[in-house]
Amino acid sequence: SKMKESKERLALITVDGEAGDGAVKVVVTGNREVKSIDIAERLLEKDNKEELEDLMITALNRALKNAENAWESEMKGIAGGMLGPLGGLL
């Protein structure tokens with residue numbers, strides 16, 4: 001089905017979200033599955049716990065928002081394919 005094909009395509013798409021000028025970077029798929037998290041060494045020290053937590057939340061939310069945008073684009077593509085010329089109106 002078109003929906004299954006879209007989910008498969010979204011699984012291959014990766015988007016990221018960063019925070020703290022790249023100190024925390026999160027990579028997720030278009031299906032919103034977290035693939036990797038990269039944390040700068042300096043944030044792993046005990047005194048940086050709060051900053052790390054804040055940056056993790058920010059980076060995750062940015063990555064998930066980018067994944068949502070990828071998902072929406074994919075769904076518009078499906079809708080456009082099903083509706084023919086009217087699909088451009090969505």
Side-chain angles (χ1 to χ4, degrees):
S1 75
K2 291 260 188 226
M3 188 61 95
K4 185 174 184 239
E5 288 173 26
S6 287
K7 284 191 171 191
E8 288 170 0
R9 272 197 301 276
L10 285 165
L12 299 175
I13 295 170
T14 56
V15 295
D16 61 39
E18 292 186 12
D21 292 324
V24 175
K25 182 178 178 183
V26 177
V27 177
V28 298
T29 68
N31 287 326
R32 300 177 186 95
E33 180 183 329
V34 176
K35 289 305 224 179
S36 68
I37 298 174
D38 186 55
I39 300 168
E41 288 285 328
R42 71 173 183 79
L43 291 172
L44 300 178
E45 297 179 18
K46 193 171 147 193
D47 295 344
N48 295 331
K49 181 182 184 309
E50 236 177 86
E51 181 185 3
L52 174 57
E53 290 170 347
D54 290 344
L55 292 176
M56 286 290 300
I57 290 168
T58 300
L60 277 164
N61 284 331
R62 287 177 179 168
L64 291 172
K65 181 66 179 162
N66 290 336
E68 185 179 327
N69 291 340
W71 184 86
E72 285 176 3
S73 293
E74 185 66 31
M75 293 305 111
K76 283 181 182 173
I78 287 179
M82 291 187 332
L83 297 175
L86 294 177
L89 299 176
L90 295 178

Inset, instruction - Could you go through the side chain to side chain contact (heavy atoms under 4.5 Å, CB included) check for V15 and I13 one step at a time? - result: CA-CA 7 Å; V15 295; I13 295 170; 4.3 Å; yes

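When side chains are defined from C-beta on, E51 counts as touching R42, because their heavy atoms get closer than 4.5 Å. Counting only heavy atoms from C-beta outward, the side chains of I37 and I39 approach each other to under 4.5 Å. Using a 4.5 Å heavy-atom threshold, the side chains of M3 and M75 count as touching. With contacts defined as side-chain heavy-atom distances shorter than 4.5 Å, the pair V26/V34 qualifies.
Applying the salt bridge (charged side-chain N to carboxylate O under 4.0 Å, His left out) test to E50 and every residue at least two apart in sequence or in another chain returns nothing. Contacts of K49 classified as side-chain hydrogen bond (donor to acceptor under 3.5 Å, both in side chains), with partners at least two apart in sequence or in another chain: E53.
The pair E8-K4 counts as a salt bridge, with a side-chain nitrogen and a carboxylate oxygen less than 4.0 angstrom apart. With respect to the salt-bridge test (charged N to carboxylate O, under 4.0 angstrom), the residues E74 and K2 do not qualify. Salt bridge present: K35 and E33 bring a charged side-chain N and a carboxylate O closer than 4.0 Å.
Scanning both residues, L55 and A23, for their nearest heavy atoms gives CD1-CB, 4.3 Å.
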Kindly list each side-chain donor-acceptor pair under 3.5 angstrom involving residues 60-67, sequence neighbours excluded, with atom names and distances?
from : atom 1 : to  : atom 2 : distance (Å)
N61  : ND2    : I57 : O      : 3.3
R62  : NH1    : E18 : O      : 2.6
N66  : ND2    : D16 : O      : 2.7
N66  : ND2    : R62 : O      : 3.3

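Of the candidates D38, T58, L52, D54, V24 forms a side chain to side chain contact (heavy atoms under 4.5 Å, CB included) with just one, namely L52.
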